[in-house]
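In what follows, a single structure is set out as structure tokens and then discussed.
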Amino acid sequence: MSKQGSDSGGEAQGFANAKPGTGPDTVPAAPNNFIIGLIEEDIANKRYSRPICTRFPPEPNGYMHMGHAKAVTIGHDLAERFHGLFNLRMDDTNPAAEDLEYVEAMQRDVEWLLGKSLEGRVFHASDYYPQLYAYAEQLIQKDHAYVEELTAEQIKEYRGNYHAAGRPSPFRNRPPEESLRLFREMRAGKFAPGERVLRAKIDPASPNMNMRDPIVYRILTDVHHRAGAWHIYPMYDYAHPLSDAIEGITHSTCGKEFANHRPLYDWFLEKLEIKEPPRQIEFAEIGITGIVLGKRHLRKLVEQKIVSGWDDPRMPTIRGLRRRGCPQAAIWQFCRELGVSNSSPGEVHVDRLEHAMREVLNRTSPRVMGVLYPLKVVIENYPDDRVETFDVIKNPENPADGTLSRPFSKELYIDRADFMEDPPKKYHRLSPGKEVRLRYAYLITCTGVVKDPATGEVIELRATYDPLSQGGEPADGRKVQGTLHWVSARHALHAEVRLYDSLFTPEVEQFEKSERPIEEFINPASLEVLTDAVVEPSLRGVAAGERVQFERVGYFAVDPDSTPERPVFNRTVELRDKKFSKIFQK
RNA sequence: UCGGGGAUCGUCCAACGGCAGGACUCCAGAUUCUGGCUCUGGAUAUCUAGGUUCGAAUCCUAGUCCCCGAACCA
């Protein structure tokens, strides 16, 4: 295994990663969806003279999570399919909520998911402020916008509600010259927040609330992390269509919650006479059972130290998943298998994410031996000082990965879970008098059990081995059902293993409706730290980010907290063990 | 009940007037030096009621249910 790890959850790593087999291209392409159909129509109708261009427009006010990942895969796959371009655009129009920290993290996470640099395709809405401002003046001059003097409360009151039409503001028909002068004064910082606002002049009585003279610019004293102090900042509904247009976006995909905003999106483009305007297409966002994605909730978990940080392996953030060991390909596979629809948003089972992880990890992870709960076994008829080395294949799914050497000696560790004094029927593992195979090594038979006289706890096993079964194959061809993983005690490397379970309790499905705080839905057993695990010596010095399969246990990733002499492994996902658990159910 | 959107296996997605199919999950079996992987077989769905049609998940009418929307958030 490589000691030059590159795909770790650590902060130092950028987009560069891709262990063989874990990039987006190693997983089946996205199936057709309705958006592809719409774009094909646009191409057939020659709607655009420029290449197809999509974008992912996050607001940099939190860390990237699975919801964002879905949007990235959709946009990127669309661009790829039509040989077009894909942009990352920071939708940074609200300096009060955004931060440079998030901007940088967002880009790194997107690039990690993509497995490549975004080179010249990273944009910022804030870079368009001058152009956006000029467009606003045009709007005013064309009498499509006016400066409002009503207070926020008054505006709300004038706007009406679902059942009552709004009334026009008394400032609605002020002359464009006056609005223009006031707008420039807003820009110059002459007013305090809330004193003035620029409004689009559309229809105060529209049945679509978004069209009731929406606010275009508001005054904010915050200094933008990138653009500096502008005093006035554009609203999403205004900045978004125009940013799309400026960038040459053709198809602007977003969640269905923005469907009501589409008339407004189109209105700005039309009034500003944008040629070949971009087109907004909404798709159904999807939730994942047992997972909360809301940014402010995730932030709370970090701030209250309920988790160790945004990259806590239990977090549904991209860097959390990454630190836990989830390969990009698993996220791509998950998102692509989900498909894209415009039906009502639904909830997908976490199972599918885990299934995707197993699929990719099975293909790509070296098999190693790791014992989580060590139980010593002494092979009584094995010479005291003898050490044999077995060369084993790294990954049977991928023989090209080569082999690994594994030492064997008289004293070994096996897993406590692999021994039962009084086993149920169909239990294939070790018990007194029973013979099992030590994988790739020898057949052994349990000949004795050593117990702590005080507690009665099993502290050691005695066994004999069959010298004619070297490599694990008995000379007489007899069938041995059980195969155990093991680590030579003398050569064992001590390790810490962190077992993760769902961060939230199943009741979290009621979280949104319950109005109870998120803390009440945290699974108290979401993290179990094992400090006494042992692993085979080939793992000495593994690099953070390396992913392995502990045979018969699960997939694990090396945590950045590791030291060369004491690696730390995060459990990414368990192996399926349905059949085994079933023998205990009866 | 003001506007917008949507209803297909338990879940997610196909089928675009012509045999309702795939994936996850579940069940049964085969194989196996990982109780993994792989393979085989099986189970489960067109919201309701009318209509058009040789033929409807698809088109029409009515109804029901669900989601989104009244930030100077995105």
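In this text, all values refer to a predicted model and were calculated from it rather than measured experimentally. Lettering of chains follows the sequences in order, A, B, ..., and the numbering in each one begins at 1.
Within 4.0 Å of A:Leu150, counting heavy atoms only, lies at least one base atom of the nucleic acid. Counting any heavy atom pair closer than 4.0 Å across all strands shown, A:Thr151 reaches a base atom. Here A:Ala152 lies in heavy-atom contact (under 4.0 Å) with a base. Backbone-only contact: A:Glu59 has heavy atoms under 4.0 Å from sugar-phosphate atoms and none from a base. Nucleic acid contact for A:Arg358: none, since no nucleic acid atom lies under 4.0 Å from a heavy atom of the residue. Using a 4.0 Å heavy-atom criterion, one finds that A:Asn260 contacts the bases of the nucleic acid, with or without backbone contacts as well. Using a 4.0 Å heavy-atom cutoff across all strands shown, A:Glu148 reaches no nucleic acid atom at all. Within the 4.0 angstrom heavy-atom criterion, no nucleotide atom of any strand lies near A:Phe283. Residue-level contact check: A:Asn161 touches the bases, meaning some heavy atom is under 4.0 Å from a base atom. Using a 4.0 Å heavy-atom criterion, one finds that A:Asn94 contacts the sugar-phosphate atoms exclusively.
OP1 or OP2 of B:rC37 lies within a sub-4.0 Å distance of a side-chain N or O belonging to A:Arg576. Phosphate contact (OP1/OP2 of B:rA28, side-chain N/O of A:Lys578, threshold under 4.0 Å): absent. For the OP1/OP2 pair of B:rC73 and a distance below 4.0 Å, the side-chain nitrogens and oxygens of A:Arg218 include at least one atom meeting the criterion. A sub-4.0 Å separation between OP1 or OP2 of B:rA74 and a side-chain N or O of A:Thr93 is present. Listed pair A:Arg336 / B:rG22 fails the phosphate criterion, with no side-chain N or O lying under 4.0 Å from OP1 or OP2. Taking 4.0 angstrom as the limit, A:His428 places none of its side-chain polar atoms (N or O) nearer than this to OP1 or OP2 of B:rG35. At B:rC72, one or more side-chain N or O atoms of A:Arg159 fall inside 4.0 Å of OP1 or OP2 (strictly under the cut-off). Listed pair A:Lys256 / B:rG6 fails the phosphate criterion, with no side-chain N or O lying under 4.0 Å from OP1 or OP2.
Taking only side-chain atoms of A:Phe580, from C-beta outward, the nucleotide of B:rG35, B:rU1, B:rG4 with the closest atom is B:rG35. Of the candidates B:rC72, B:rU34, B:rC27, B:rC72 carries the atom nearest the A:Ile215 side chain, counting heavy atoms from C-beta on. Closest to the A:His355 side chain, of the nucleotides B:rU34, B:rC73, B:rC24, is B:rC24. Among B:rC68, B:rA28, B:rG36, the nucleotide with an atom closest to any side-chain atom of A:Arg367 is B:rG36. Checking B:rA30, B:rU25, B:rC72 against every side-chain atom of A:Lys579, the shortest atom distance belongs to B:rA30. Of the listed nucleotides (B:rA74, B:rU34, B:rC72), B:rA74 has the atom at the smallest distance from the side chain of A:Phe258.
With hydrogens and angles ignored, the 3.5 Å screen pairs a side-chain donor or acceptor of A:Tyr238 with a backbone N or O of A:Leu132.
Nucleotides B:rC54 and B:rG22 are separated by 32 Å at their P atoms, to the nearest Å. When the P atom is used for both B:rA57 and B:rA49, the distance is 13 Å, rounded to whole Å. Using atom P as the reference point in both B:rG18 and B:rC37, the two lie 39 Å apart (nearest Å). For the P atoms, the distance linking B:rA28 with B:rU8 amounts to 29 Å, nearest Å. For the C1' atoms, the distance from B:rU64 to B:rU11 is 23 Å, rounded to whole Å.
The partner of B:rA7 is B:rU64, by the rule that a Watson-Crick or G-U pair needs both atom distances under 3.5 Å. Both distances falling under 3.5 Å, in either a Watson-Crick or a G-U wobble arrangement, place B:rC12 opposite B:rG22. Across all strands shown, the partner of B:rU40 is B:rA28, judged by Watson-Crick or G-U wobble contacts whose two distances both fall under 3.5 Å. Both distances falling under 3.5 Å, in either a Watson-Crick or a G-U wobble arrangement, place B:rC2 opposite B:rG69. For B:rC59, the paired base is B:rG51 (Watson-Crick or G-U wobble, both distances below 3.5 Å).
Geometrically, A:Arg429 engages A:Phe580 in a cation-pi contact, judged by NZ or CZ lying under 6.0 Å from the ring centre and within 45° of the ring axis. For the pair A:Arg187 and A:Trp230, the distance from NZ or CZ to the six-membered ring centre is under 6.0 Å and the angle to the ring normal is within 45 degrees.
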For this session: Sugar-phosphate atoms are those with a prime plus P, OP1 and OP2; base atoms are the rest. Using that split, label each nucleotide of nucleotides 10-15 of chain B B, S or - for protein heavy atoms under 4.0 Å, 5' to 3'.
Result: BBBSS-
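The base of B:rU38 is not paired with the side chain of A:Glu397 by any donor and acceptor separated by under 3.5 Å.
A residue-by-residue look at A:Arg437 and A:Met209 shows that A:Arg437 has its nearest nucleotide of RNA chain B further toward the 5' end. Positionally, the nearest nucleotide of RNA chain B for A:Leu438 lies more toward the 5' end than for the other of A:Leu438 and A:Gly160.
Of the charged side-chain nitrogens involved, none lies within less than 4.0 Å of a carboxylate oxygen, so that A:Asp415 and A:Arg552 do not count as a salt-bridged pair.
Atom CZ in A:Arg439 sits roughly 12 Å away from atom C1' in B:rG35 (whole-Å rounding). Atom-to-atom, CZ of A:Phe56 to C1' of B:rA74 comes out at 12 Å; the value is rounded to the nearest Å. Rounded to whole Å, the distance from NE2 on A:His261 to P on B:rC68 is 13 Å. The separation between A:Asn395 atom CG and B:rU38 atom P is 13 Å, rounded to whole Å. Between the C1' atom of B:rU34 and the CD atom of A:Glu536 lies a distance of 14 Å, rounded to the nearest Å. One interatomic measurement links the two molecules: CG of A:Leu575 to P of B:rU34, which rounds to 11 Å at whole-angstrom precision. To the nearest angstrom, C1' of B:rG4 lies 14 Å from CZ of A:Arg212. Atom-to-atom, CD of A:Glu359 to P of B:rU25 comes out at 10 Å; the value is rounded to the nearest Å.
For A:His224 and A:Tyr129, the ring centers are positioned less than 6.0 Å apart. Residues A:Phe183 and A:Tyr217 place their aromatic rings such that the two centres sit under 6.0 Å apart.
Between A:Asp213 and the choices A:Arg199, A:Arg159, A:Arg172, the side-chain hydrogen bond (donor to acceptor under 3.5 Å, both in side chains) rule is met once, by A:Arg172.
Under the stacking criterion of a centre-to-centre distance below 5.5 angstrom and an interplanar angle below 30°, A:His240 is not stacked against the six-membered ring of B:rA74. Per the stacking criterion (ring centres < 5.5 Å, plane angle < 30°), A:Tyr162 stacks onto the base of B:rG69.
Inspection of the A:Gln470 and A:Tyr465 side chains reveals no N or O donor paired with an N or O acceptor under 3.5 Å. Defined by atom type and a distance below 3.5 Å, a donor-acceptor pair is present between the side-chain atoms of A:Arg363 and A:Thr26.
Rounded to the nearest 0.5 angstrom, A:Arg576 CZ and A:His355 NE2 are separated by 7.5 Å. Note: A:Asn33 CG to A:Leu338 CG = 12.0 Å, rounded to the nearest 0.5 Å.
For B:rA71, the base adopts the syn conformation, since its glycosidic angle falls within 90 degrees of zero.
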For this session: Could you walk me through whether A:Ile155 and A:Leu150 pass side-chain contact (heavy atoms from CB on, under 4.5 Å), step by step?
Result: CA-CA 6 Å; A:Ile155 290 172; A:Leu150 256 27; 3.8 Å; yes
